[in-house]
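What follows is a set of notes on a single structure, which appears directly below.
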Amino acid sequence: MFNKVLIANRGEIALRIILACKELGISTVAVYSEADRNSLHVRFADEDICIGPPESTGSYLNIPNIISAAEITGVDAVHPGYGFLSENANFAEICETCNIKFIGPRPHAIRLMGDKAEARRIANEAGVPIIPGSDGVITSEEHALQIAEDLGFPIILKAVAGGGGRGMRVVENSTELSTAFRMAQREAASAFGVPELYLEKYMQRPRHIEFQVLADEQGNLVHLGERECSVQRRHQKMIEESPSVRMNQELRMQMGDAALRVARAVDYVNAGTVEFLVDATGNFYFLEMNTRIQVEHPVTEMVTGLDLLYLQMRIAAGRELPFSQEDVEFRGHAIECRINAEDPVTFQPSPGKITAFHVPGGPGVRVDTAAYAEGVIPRYYDSMIAKVIVHAPHRKAAISRMKRALDMMIVEGIKTNLSLHKKVLEDEDFVRGDIDTNFMRRYDAKERRTTLFSEPAGVSRVL
């Protein structure tokens, strides 16, 4: 096992990695920007080093500074967490060149799966169903229109190097295509430095279901079941759970096998997630592969009893997986709510100082966070401040437990989406499990109607 690991990240995932390292007896090095000088991941690491200004381009995305920090502190390995450099093949290659182990997949797998159009081609060749769409990159607006007319509207434009919902536009008809194409290109270029797009047929009410996979350097591959991620707003996940209410054993076996085929096709090593869209009849289609640990990995840990960060480091150290597919057992139901520093109505970020902070506890409740009272949520980074995860014998009990946990959580000084999560957990469609990727759009429309008809006489409101 490693002697010392540098965490090339911040926030709750950096703290989560530190916790795993402490249990393994591994020393840790935290890197931080000037804005994160007082962060908990800095406080709890064995060593820390400032790598730049608050802006992520000068700090958490600054490869030379991070590599210099790794060499100065003499680490054996780097864990990238999620976001930032976690899916940067060049960073992984530089780590290898400097004889520093990158705790994640090999560079070629990151590069292949990072190109979404190429990933579609690989999945198709592996016999995994893909959503009908373009064969590779769209070369022009005219090219996009020709494919769209062949497929039939609506279609969705996606950034080849995309992720997190950026560089994506749903197009309902031909008159919208030109504007959407240019907007998606600009957003893709701004977010990823690559303006190239591809196109898929837009599925109206699919479920977003992903499979966690693990692979060691000896060629052993397993999946750890599914996570339902359909409750999302503007392609950003809000609530995740495992298992999915849509799943049965036959479908789980088919999708799990498909996920492993995709991983095997790129000689995958370490933890990764293969994402699918599932239609109302149970047909599933490859969406993409995320070559890193996911934000929502705790729900898998809760239902399997496995520590994914421990397994990541074990695999990176060259050890075999300590279990086979037949050994993986699923127990109960887990739900995760992402608590963000944002206005629950407008969804605008709400950075600032937290004046009071209390996390819930009790049976079956876990909170992953790096926030604390008097701590500051900087304006420079992602707005997520905590993940509340619950585990219970079945879904109904898990929903009840989550409602109790959120009622006991206190965050003051900034706005959060706590109230929104509480309302969603009360929604009849959510309780029934009648969810898909457009659930929040319908929920928002229903909330607007409720607000309109509940206004007292004489009050007008523009919707």
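- Geometrically, R395 engages F430 in a cation-pi contact defined by less than 6.0 Å to the ring centre and at most 45° from the axis.
- Evaluation of the salt bridge (Lys or Arg N to Asp or Glu O under 4.0 Å) rule for R246 yields no partner, not counting sequence neighbours.
- Residues meeting the side-chain hydrogen bond (donor to acceptor under 3.5 Å, both in side chains) test with S59, sequence neighbours left out: none.
- Residues in residues 188-201 take part in these side-chain hydrogen bond (donor to acceptor under 3.5 Å, both in side chains) pairs, two or more places apart or across chains: R120-E200, K158-E200.
- The two residues P243 and R252 make their nearest non-hydrogen contact at CB-NH2, 3.6 Å.
- Under the 3.5 Å distance criterion, the side-chain polar atoms of T369 are matched with a main-chain donor or acceptor of A371.
- Within the 4.5 Å cutoff, the side chain of L199 has no heavy atoms near those of the V171 side chain.
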**Item:** Evaluation steps, side-chain hydrogen bond (donor to acceptor under 3.5 Å, both in side chains), between Q185 and R182
**Value:** CA-CA 5 Å; Q185 273 195 327; R182 291 193 299 272; over 6 Å; no
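- Judged as a salt bridge (charged side-chain N to carboxylate O under 4.0 Å, His left out), the pairs with a partner in residues 83-92 (not counting sequence neighbours) are, in order, E87-R292.
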**Message:** Working note: R205 + D434, criterion salt bridge (charged side-chain N to carboxylate O under 4.0 Å, His left out); need CA distance, chi angles, decisive distance, verdict.
**Reply:** CA-CA 11 Å; R205 293 189 58 174; D434 183 14; 3.7 Å; yes
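- Side-chain N/O atoms of N290 and Y82 include no donor and acceptor closer than 3.5 Å.
- Summarising the local packing, NZ of K415 is surrounded by 12 or fewer heavy atoms from other residues, nucleotides or ligands at distances under 6.0 Å.
- Shown are I399, V367, V365; of these, the side-chain contact (heavy atoms from CB on, under 4.5 Å) with V390 is made only by V365.
- Checking side-chain atoms of S86 against main-chain N and O of G83 turns up a donor-acceptor pair under 3.5 Å.
- In this model, no donor atom of one side chain and acceptor atom of the other lie less than 3.5 Å apart for R233 and Q236.
- Side chain of T437 to main chain of R207: no donor-acceptor pair is present (N/O by atom type, distance under 3.5 Å, no hydrogens or angles).
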**Message:** Run the side chain to side chain contact (heavy atoms under 4.5 Å, CB included) test on M238 and L420 for me, step by step, so that the C-alpha distance in whole Å, both residues' side-chain angles and the decisive distance to 0.1 Å come before the verdict.
**Reply:** CA-CA 10 Å; M238 288 177 51; L420 175 61; 3.7 Å; yes
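- For T416 against P344, the heavy-atom pair with the smallest separation is O-CD, 3.5 Å.
- Scanning all heavy atoms of the two residues, the minimum distance from D436 to P206 falls at CB-O, 3.1 Å.
- Evaluated for a salt bridge (charged side-chain N to carboxylate O under 4.0 Å, His left out) with K237, the options E296, E336, E228 yield exactly one hit, E296.
- Checking side-chain atoms of E226 against main-chain N and O of S244 turns up a donor-acceptor pair under 3.5 Å.
- Counting heavy atoms from C-beta outward, M113 and V262 have side chains that approach closer than 4.5 Å.
- Panel note: side chain D216, backbone I315; no donor-acceptor pair is recorded below 3.5 Å.
- Residue K396 qualifies as open at atom NZ: its count of foreign heavy atoms under 6.0 Å is 12 or below.
- When all heavy atoms are compared, the tightest approach of S33 to P53 is CB-O, 3.3 Å.
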**Message:** With side chain to side chain contact (heavy atoms under 4.5 Å, CB included) as the criterion, how do F323 and L311 come out once you've worked through the C-alpha distance, each side chain's angles and the decisive distance to 0.1 Å?
**Reply:** CA-CA 11 Å; F323 55 85; L311 290 168; 4.0 Å; yes
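- Across all non-hydrogen atoms, the minimal contact from N270 to P105 is CB-N, 4.0 Å.
- Looking only at side-chain heavy atoms (C-beta outward), P360 and L406 stay at 4.5 Å or farther from each other.
- For the pair D368/P298, a side-chain contact is recorded, criterion being any heavy-atom separation below 4.5 Å from C-beta on.
- Between L260 and V213, some side-chain heavy-atom pair lies under the 4.5 Å cut-off.
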**Asked** Taking it one step at a time, do K446 and D427 satisfy side chain to side chain contact (heavy atoms under 4.5 Å, CB included)?
**Response** CA-CA 10 Å; K446 184 164 52 179; D427 183 81; 2.7 Å; yes
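- Screening N340, V411, N417 for a side-chain contact (heavy atoms from CB on, under 4.5 Å) with I385, the sole residue that qualifies is V411.
- Within the structure, every pair that satisfies the salt bridge (charged side-chain N to carboxylate O under 4.0 Å, His left out) test and touches residues 372-389, not counting sequence neighbours, is listed here: E12-K387, K353-E374.
- Using a 4.5 Å heavy-atom threshold, the side chains of D444 and E447 count as separate.
- A salt bridge between R169 and E176 is absent, with no side-chain N of the basic residue lying under 4.0 Å from a carboxylate O of the acidic one.
- Between R432 and D429 a salt bridge is recorded (basic side-chain N to carboxylate O distance below 4.0 Å).
- Under a 3.5 Å cut-off, the side chain of S350 and the backbone N or O of A341 do not form any donor-acceptor pair.
- Of the possible polar contacts, one joining the Y381 side chain to the P54 backbone as a donor-acceptor pair under 3.5 Å is found.
- Checking side-chain atoms of H79 against main-chain N and O of M313 turns up no donor-acceptor pair under 3.5 Å.
- Shown here for A386 and M409, the closest heavy-atom pair between the two residues is CB-CE, 3.9 Å.
- Of the N and O atoms on the side chains of T57 and E55, not one donor lies less than 3.5 Å from an acceptor on the other residue.
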**Request:** Show your reasoning for whether side chain to side chain contact (heavy atoms under 4.5 Å, CB included) applies to L287 and E210.
**Result:** CA-CA 9 Å; L287 182 62; E210 62 189 26; over 6 Å; no
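- Within the 4.5 Å cutoff, no side-chain heavy atoms of H223 are placed close to those of M255.
- A cation-pi arrangement, defined by a distance under 6.0 Å to the six-membered ring centre and an angle within 45 degrees of its axis, is absent between R43 and Y372.
- Without hydrogens or angle criteria, H333 side chain to E241 main chain gives no donor-acceptor distance under 3.5 Å.
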Distance-only criterion, 3.5 Å: show the donor-acceptor pairs between side-chain atoms of residues 301-309 and protein atoms not counting sequence neighbours.
unit_1 : atom_1 : unit_2 : atom_2 : d
E301   : OE1    : R16    : NH2    : 3.4
E301   : OE1    : R366   : NH1    : 2.8
E301   : OE1    : R366   : NH2    : 3.0
E301   : OE2    : R16    : NH2    : 2.8
E301   : OE2    : L308   : N      : 2.8
T304   : OG1    : T300   : O      : 2.7
T304   : OG1    : L306   : N      : 3.3
D307   : OD1    : R16    : NH2    : 2.9
D307   : OD1    : L309   : N      : 3.1
D307   : OD1    : Y310   : N      : 3.0

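- The side-chain heavy atoms of F181 and L197, taken from C-beta on, include a pair separated by under 4.5 Å.
- Side-chain contact of R111 with N90: a donor-acceptor pair under 3.5 Å is present, judged by distance alone.
- Considering H208, R227, R338 in turn, R338 is the only one that fulfils the side chain to side chain donor-acceptor pair (under 3.5 Å) rule with E240.
- Here the side chain of H421 pairs no donor or acceptor atom with the backbone of L418 at under 3.5 angstrom.
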